[in-house]
Amino acid sequence: MNQFSSLESKLRRIVMAFELKKNRLAEVERENEELRKNLAEKDKEVSELNKKLNEYIKNFKKSEKFTKIVSNNLKSTGNTAELKEKLDEYILEIEKCINQLSN
């Protein structure tokens with residue numbers, strides 16, 4: 001009887017330890033799934049930010065070209081009145097382009 005009681009006690013401790021490990025495993029699996037979802041969201045954010053960065057880089061290159069055009073015209077125009085007139089022409093052309101793109 002004494003051996004049986006000892007064996008029964010050990011078996012109960014093993015079952016309790018198993019239940020604790022099973023609960024911990026379920027908790028870790030839930031946490032892992034949550035982390036996977038967060039990672040997927042962050043990957044999506046990084047992808048979107050990379051797209052925006054590429055657009056900004058492309059637009060920056062365009063603005064560099066515009067700066068070169070203006071600086072070249074600055075050299076060719078002698079006074080500010082001529083420069084203002086040139087800039088007004090550019091603005092009108094840009095507005096026409098925007099209008100055409102909008103339609």
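- Contact check on Glu93 versus Lys96 returns a salt bridge, with a Lys/Arg side-chain nitrogen under 4.0 Å from an Asp/Glu carboxylate oxygen.
- Between the CG atom of Asn32 and the CG atom of Leu25 there is a distance of 10.0 Å, given to the nearest 0.5 Å.
- To the nearest 0.5 Å, atom CD of residue Glu31 and atom CG of residue Asn38 are 10.5 Å apart.
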Practice problem: Carefully, step by step, assess Glu19 and Lys22 under the rule side chain to side chain contact (heavy atoms under 4.5 Å, CB included). | Solution: CA-CA 5 Å; Glu19 288 297 324; Lys22 189 170 105 175; 3.9 Å; yes
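- With respect to the salt-bridge test (charged N to carboxylate O, under 4.0 angstrom), the residues Arg12 and Glu8 qualify.
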Practice problem: Evaluate the side chain to side chain contact (heavy atoms under 4.5 Å, CB included) criterion for residues Glu33 and Arg30: first the C-alpha distance (whole Å), next the side-chain angles of each, then the deciding distance (0.1 Å), finally the verdict. | Solution: CA-CA 5 Å; Glu33 184 60 30; Arg30 281 190 299 271; 5.8 Å; no
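- A 6.0 Å sphere centred on CD of Glu89 holds more than 12 heavy atoms belonging to other residues, nucleotides or ligands.
- Summarising the geometry, atom CD belonging to Glu55 is positioned 10.0 Å from atom CG belonging to Leu53; distances are rounded to the nearest 0.5 Å.
- If you take CD1 on Ile94 and CG on Leu87, they are separated by 9.5 Å, rounding to the nearest 0.5 Å.
- With rounding to the nearest 0.5 Å, the separation of OG in Ser9 from CD1 in Ile14 is 10.0 Å.
- At a threshold of 4.0 Å, the pair Lys37-Glu34 does not count as salt-bridged, since none of the basic side-chain nitrogens sits closer than that to a carboxylate oxygen.
- Side-chain contact between Val28 and Arg24: present, with at least one pair of heavy atoms (C-beta onward) separated by less than 4.5 Å.
- More than 12 non-hydrogen atoms from other residues, nucleotides or ligands lie less than 6.0 angstrom from CD of Glu48.
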